[in-house]
Amino acid sequence: MEAYLQEWLGLLLRWAHFITGVAWIGASFYFNWLENHLERQQAEADIAGDLWAVHGGGFYYLQKLRAAPQQLPQHLHWFKWEAYFTWLSGFALLCVVYYWNAGLFMVDSRVADLSSLQAITIGLASLLLSWLFYDLLCRSAAGKRQALTALMIIAWFALLSWLLSSLLSGRAAYIHVGAAIGTIMVANVFFVIIPSQKELVDAVREQRVPDARKGENALLRSRHNNYFTLPVLFIMISNHYAGTFGHSLNWLVLLLLSLSGVGIRHWFNIRHLEGHSRLVLPFSLLLLLAVIIALRPQAPAKSQTVSASPATAEAMKVVQQHCTICHSAKPDHPGFAAAPLGIVLDDESALNVLARRVHHVTVVTQSMPLANATGMSDEERDLIDRWYAGRMLEQAKRSEQEP
Ligand code: HEC
C-alpha cells in the first residue's frame with residue numbers, strides 16, 4: 001500500500017512540477033522574446049518600444065515604457081509564483097522519489113559505500129553550497145566581470161558534477177546538479193529580482209527615483225537564469241537516458257551537454273543583434289555531435305563466437321535472480337506496486353523482445369539492477385554480454401543468408 005500511495009504522490013507532484021515549470025520557463029522565454037523583438041522608438045519620449053502580435057483570434061499591441069509610469073495602474077501583474085511553485089514541487093518530488101528510498105535511488109555501493117543519511121546530507125548540501133558560492137561570486141569584485149563570472153560558474157558545476165558522481169548513483173548525481181541550478185534560479189527570483197521590482201513599484205508610489213543598482217543586479221541575475229534554462233531542462237529529462245548518467249565519465253557528459261545547451265541559448269539571445277558571431281550555433285551543435293559520437297555503442301569483439309555464447313535460458317536465470325523482484329507483473333520488492341516503467345521480464349519471450357535494453361542497462365551503463373540492489377556480479381554482466389553478442393551474430397548471419 002505504501003508503494004502504491006508513493007507512486008500517486010510522485011505522479012501528482014511530477015505533474016504539478018511540470019505545469020508550474022512550463023509556466024515559469026514559458027513566461028521567461030516570452031519576455032525574453034518581447035525584449036528582443038520590440039520595435040525601438042526613437043521619436044517618442046515615453047515609449048521605449050512597441051510591437052504588434054496576432055494570437056488566438058485577436059490582435060495584441062504592447063508597449064514598453066522608457067521609465068516608470070507617473071501613477072501605478074490598478075492591476076499590475078507579477079510573475080513569481082510560477083517560479084516558487086516550481087521549486088517547491090520539485091523539492092517535494094526530490095524527497096518522495098530520492099530521499100524516501102535513498103538506499104535504492106541515491107546510494108550505489110559500486111560508486112561509494114554511503115549510508116542513506118550521508119547520501120541525503122550530501123544532496124542537500126550541494127543545493128545550499130551552490131547558491132552560497134554563486135551569490136557570493138556575483139556580489140564579489142569578480143562578479144563585475146562577465147566572462148570571469150561565467151567561467152567560475154562553469155568551473156563550480158564541473159566540480160560539483162564530478163564530486164557528486166563520485167559519491168552518489170549516476171541518476172542522483174545528475175538530478176542534484178539540476179536541483180542546484182534550479183535552486184540558484186529560484187533564489188535569484190526570490191532574493192534579487194522580485195525585491196528589485198518591489199523597489200521600482202515603491203519608488204513610483206513614493207514619487208522618487210528608484211535605486212538603479214538594484215535594477216542592474218536584477219537584470220544580471222535574470223540573464224544568468226536565462227542561460228541556466230536549457231541545461232536544467234536537459235537534466236530533468238536525463239533520467240530516461242541511462243547512456244548519459246550511466247556512463248563512466250557521466251560528469252563530463254553532463255558538462256559538455258550543458259555547455260552545448262548554454263551555447264544554443266546564447267545563439268537565441270544574440271541572433272537579432274547586428275554583427276553577431278556566426279560561430280556560436282555551429283560550435284554548440286558540433287559539441288553536441290561530438291558527445292553523440294563519443295558515446296556510440298562499441299561493436300562486440302570479433303573473437304566472440306556463437307557457439308561460445310550462453311543460451312537464452314542461462315540469461316533468463318540471471319534475470320530471474322536479479323531483475324524480476326522489481327520487473328515482474330507482480331513485483332515482490334516492497335518499494336514497487338507495479339513493474340518500473342512497465343518493463344516486465346517474467347519470461348524468455350519478454351527477455352528476447354527487450355534484449356537490447358537489458359544489455360544496455362546491465363552491461364553498457366550498468367545502471368541496473370537499480371543501485372545494484374540485488375548484487376549482480378561482473379561475471380553475470382559478462383554472461384549477459386556474451387549472450388547478447390551471440391544473438392547479434394546469429395541475427396547478422398541470418399540476414400546474410402536471406403536473398
Ligand atoms: C530494485 C528494483 C529494480 C531492480 C532489481 C531492477 N530494476 Fe530495472 N528499473 C527499476 C526502476 C525503478 C526503473 C525506472 C527508473 C526510471 O524511473 O527511470 C527501472 C528501469 C529499467 C529499465 C528502463 C530504463 C532504461 O534506461 O531503458 C530497464 C531496461 C531495466 N530497468 C532493466 C533491468 C534489468 C535487466 C534488471 C536486472 C539485471 C533490473 N532492471 C533490475 C528498478 C529495478
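Computed from a predicted model, the values in this text were never measured in an experiment. The basis for the numbers below is simple: all heavy atoms, side chains too, and nothing from hydrogens, waters or symmetry mates. Heads up: numbering here begins at 1 and tracks the sequence. Just follow the structure's listing: the first ligand is 1, and inside any ligand the first atom is 1.
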Acceptor/donor pairs from residues 287-295 side chains to any protein atom, 3.5 angstrom cut, sequence neighbours excluded:
none

Q. Which heavy atom of T374 sits nearest a heavy atom of P369, and at what distance?
A. OG1-CG, 3.2 Å
Q | Closest protein heavy atom (residue, atom, distance) for atom 16 (C) of ligand 1 | A | R171 NH1, 3.3 Å
Q. What atoms of ligand 1 come within less than 4.0 Å of a heavy atom belonging to M376?
A. 38 (C)
Q.
For N226, is there any backbone N or O sitting under 3.5 Å from a side-chain donor or acceptor partner on T229?
A. yes
Q: Kindly assign one of parallel, tilted or perpendicular to the pair H176 and Y99, based on the angle between their ring planes and the thresholds 30° and 60°.
A: parallel
Q. So what's near atom 8 (Fe) of ligand 1, protein N, O or S atoms under 2.8 Å?
A. H327 NE2, M368 SD
Q) Rounded to the nearest 0.5 Å, what separation is found between the NZ atom of K397 and the CD atom of E400? A) 9.0 Å
Q | ligand 1 contact by F336, heavy-atom criterion under 4.0 angstrom | A | yes
(Q) When you measure from the centre of the six-membered ring of F228, is the NZ or CZ of R265 closer than 6.0 Å and no more than 45° off the axis? (A) no
Q) Which of the atoms in ligand 1, numbered in the order shown and given with their element, are less than 4.0 Å from a heavy-atom of N239? A) 18 (O)
Q | Interfacing atoms of ligand 1 (cut-off 4.0 Å, heavy-atom, A242) | A | 26 (O)
Q) Under 4.0 Å from ligand 1, counting heavy atoms only, is it the side chain of H360, its backbone, both or neither? A) neither
Q) Stepwise, does the salt bridge (Lys or Arg N to Asp or Glu O under 4.0 Å) test hold for R213 with D211? A) CA-CA 6 Å; R213 266 220 359 250; D211 180 353; 5.7 Å; no
Name the atoms and distances for all side-chain donor-acceptor pairs under 3.5 Å in residues 187-195, with sequence neighbours left out.
| from | atom 1 | to | atom 2 | distance (Å) |
| --- | --- | --- | --- | --- |
| N188 | OD1 | R221 | NH1 | 2.9 |
| N188 | ND2 | Y134 | OH | 3.0 |
| N188 | ND2 | N225 | OD1 | 3.0 |

Q.
For ligand 1 and T374, I'd like to know whether there is a polar contact (N/O to N/O, distance under 3.5 Å).
A. no
(Q) Just to check, does V319 reach to within less than 4.0 Å of ligand 1 when the distance is taken from its heavy atoms? (A) no
What donor-acceptor contacts under 3.5 angstrom involve side-chain atoms of residues 251-259, with partners at least two apart or in another chain?
| from | atom 1 | to | atom 2 | distance (Å) |
| --- | --- | --- | --- | --- |
| S258 | OG | L254 | O | 2.7 |

Q) At a non-hydrogen distance cut-off of under 4.0 Å, which region of T362 contacts ligand 1 (side chain, backbone, both, or neither)? A) side chain
Q | Donor-acceptor pair, side chain of N239 and main chain of I175, under 3.5 angstrom | A | no
Q. Do other residues, nucleotides or ligands put more than 12 heavy atoms under 6.0 Å from the CH2 atom of W156?
A. yes
Q | Identity and separation of the nearest protein heavy atom to atom 5 (C) of ligand 1 | A | H322 O, 3.2 Å
Q.
What protein heavy atom lies closest to atom 27 (O) of ligand 1? Include the residue and the distance to one decimal.
A. R357 NH2, 3.2 Å
